[in-house]
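Worksheet for the structure shown next.
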Amino acid sequence: MNRGREHHEAQRAVLRARHTASQARMTAATKAYRKALVREMFARPVRDYSYRCIGRPVSLLRAGYQASLAELGLDQLRASGFEVTVLTVDEDDPRFADPAGTDGRGLGEKTILGDLRTVPMRPRSFDIVHCALLLDRISHVELVLDRFIAALRPGGLLLLHIRDRDCAAGFLDRIAPQWVRRALWARLNPGQPGPFRAVYEPAGSDRGIRAYTQLRGLVISHRETARTSAAGAGRAGQVVSAVRGLIPRLTRGRLTDAHDEVLYVIRKPEDHLARVV
């Protein structure tokens, strides 16, 4: 009788050990996955800025659900003891948020559903504004950027990630009929929300952003370009890539295929006398 009970207890101990090991592997895999999503270009200045804010929470404004917070390295910051509060503003349905759940939802994040051109934002109330893959699908870009800058504290960071209208991919997206955009999106980005509006105001292009920062007295502390490829495979992706490659020749180099996205780390000057909105 005792021997049977001991055998049963041993089996339960083995099962508990296996469960603990499985949980540990899953936790390690999740941490590794989130670390792989970190974009060091953004994470480094966010980390440096956070060290200047020791003693108070770091306040972050996320513009749009498509801006994944994973690339900012917030998980690592919070694991180090930093408090980061996040306010998300988007006019779209929350169901369009990152489906992988890697955007930090549930970690002190608040949401406002509304238009970035009109939703209330207190002046100088945020340390960081993060806006990714949004400016190409909205109008009145300069107004939105002005509101971002006004909401930043002096010395704060504006992290921008745009699709450039002055490139082959942006040109195709702008001129393609909506039914073509829908068909290509379904093939190249299966299961993802979209396609969104293709507005592409000049103010939201690479040239437009650089002109805007000069006019407003802002500092681009870092800039990078990226060339992305279609997520889907097959003939549709090959055709799009081939057409993208032809456009620089047809436009005599006016439109490039060397990049389709541009990333910026923009700093608002601390000098209150600087010409900033």
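Quick note: residue numbers are just sequence positions, from 1.
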Basic-acidic side-chain contact under 4.0 Å: D48, R44: no

D90/R62 ion pair, N-O < 4.0 Å: no

SB check R47 E40 (cutoff 4.0 Å): yes

Salt bridge flag under 4.0 Å for residues D206 and R223: yes

R165 and D260: CA distance, side-chain angles, deciding distance, salt bridge (Lys or Arg N to Asp or Glu O under 4.0 Å) verdict: CA-CA 8 Å; R165 82 188 300 271; D260 57 302; over 6 Å; no

Under 3.5 Å side-chain donor-acceptor pair for R181 and Q178: yes

For L172 against V243, the heavy-atom pair lying closest together: CD2-CG1, 3.7 Å

Distance (rounded to the nearest 0.5 Å) between R153 CZ and S59 OG: 6.0 Å

Check against salt bridge (Lys or Arg N to Asp or Glu O under 4.0 Å), D173 and R163: CA-CA 10 Å; D173 199 23; R163 295 184 181 93; 6.0 Å; no

Distance in Å, I266 CD1 paired with C131 SG, rounded so as to fall on 0.5 Å steps: 10.0 Å

Side-chain donor-acceptor contact under 3.5 Å, E142 with H140: no

Over 12 non-hydrogen atoms of neighbours within 6.0 angstrom of CZ in R52: yes

ring-ring contact (aromatic ring centres under 6.0 Å, His included) between F171 and Y200, worked out: CA-CA 9 Å; F171 175 73; Y200 288 98; over 10 Å; no

Side-chain ion pair, R56 and D127, N-O less than 4.0 Å: yes

Salt-bridge contact R227-D257 (side-chain N to carboxylate O under 4.0 Å): yes

D146/R216 ion pair, N-O < 4.0 Å: yes

